[in-house]
Amino acid sequence: MALDLLISPMISLKIFFIFKLLYPVTAIVGGRYWSADIGIGVPMLTAKEKPPINVVGDVGGRIAIIVDDIIDDVETFVACASMLKDRGAYKIYAMATHGLLSSDAPRLLEESTIDEIVVTNSVSHEVQKLQCHKIKTVDISVLISEAIRRIHNQESMSYLFRNITMED
């Protein structure tokens, strides 16, 4: 039996949240893929080759949230947002843990159809924020320092995720 094996080392297949106005969008945004084609006619992907972006379902009149681990080279985010807007998405948000935003990323994001980009302060991006007003930062310094303290004192890490309040 033929089988195609698709491995994503950075977990780049994104599943977006569903609430009243949010719609599930599945898109491959920023990761690198390797595919072992064993004969079912699916084209083989080589290292760092990205498959095409697809939107499954109707996003018309809904809010789409694009989630990834790192925002660096933003062309794929911009293309994904453009496709979502063309298909009728009401608002488009991009979220990532690390906002590297190198080269001309701030300019591309400012000109894009993305309404807001939310990143953590794991990487300094103050200069990029001056170039693009859409970039918002979530401070994780307290979380990281508490995690380091807990690891050093051999305390439970699960406490950090069980006791989250609205102030956090």
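Values in this document were obtained by computation on a predicted structure and should not be read as measured data.
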Taking the side chain from Q128 and the backbone from S102, do they hold a donor-acceptor pair closer than 3.5 Å?
-> no
When rounded to the nearest 0.5 Å, the distance separating CD1 of I135 from CD1 of I71 is 8.0 Å
Side-chain contact, heavy-atom cut-off 4.5 Å: I66 with L84?
-> yes
So if you build clusters from Ile, Leu, Val, Met, Phe, Trp, Tyr with side-chain heavy-atom gaps below 4.5 Å, do I148 and Y159 land together?
-> no
Please answer whether the main-chain N or O of I92 pairs with a side-chain N or O of D115 as donor and acceptor at a distance below 3.5 Å.
-> yes
Separation between OG of S124 and CG of L101, rounded to the nearest 0.5 Å | 10.5 Å
Just by modelled atom types, is the V138 backbone N or O under 3.5 Å from a matching donor or acceptor in the T120 side chain?
-> no
Whether S82 side chain and A79 backbone form a donor-acceptor pair below 3.5 Å = no
Taking the side chain as every heavy atom from C-beta outward, state whether V74 and I117 have any atom pair closer than 4.5 Å.
-> no
Inspect the contact between R149 and E146 and indicate whether a charged nitrogen and a carboxylate oxygen are less than 4.0 angstrom apart.
-> yes
Return yes if some donor-acceptor pair links the side-chain N/O of N121 with the main-chain N/O of I140 below 3.5 Å, else return no.
-> yes
Over all atoms of both residues, closest heavy-atom pair of V119 and G99 = CG1-CA, 3.8 Å
Atom of V78, atom of S112 and distance for their closest heavy-atom approach = CG2-CB, 3.8 Å
First locate atom CG of L109, then atom CZ of F77, and finally report the distance between them rounded to the nearest 0.5 Å.
-> 8.5 Å
Any chain of hydrophobic side-chain contacts (each under 4.5 Å) joining V118 to L143?
-> no
Validation row: I63, Y93 side chains within 4.5 angstrom (heavy atoms) = yes
Search all heavy atoms of S156 against all heavy atoms of R150 and return the closest pair with its distance.
-> O-NH1, 3.0 Å
Would you say K85's side chain and Y90's backbone share a donor-acceptor pair under 3.5 angstrom?
-> yes
Residue pairs passing the salt bridge (charged side-chain N to carboxylate O under 4.0 Å, His left out) test with at least one member in residues 118-138, sequence neighbours excluded, are none
What is the minimum heavy-atom distance between E110 and C132, and which atoms define it?
-> OE1-CA, 3.0 Å
How close do H98 and S122 get, heavy atom to heavy atom, and via which atoms?
-> ND1-OG, 2.6 Å
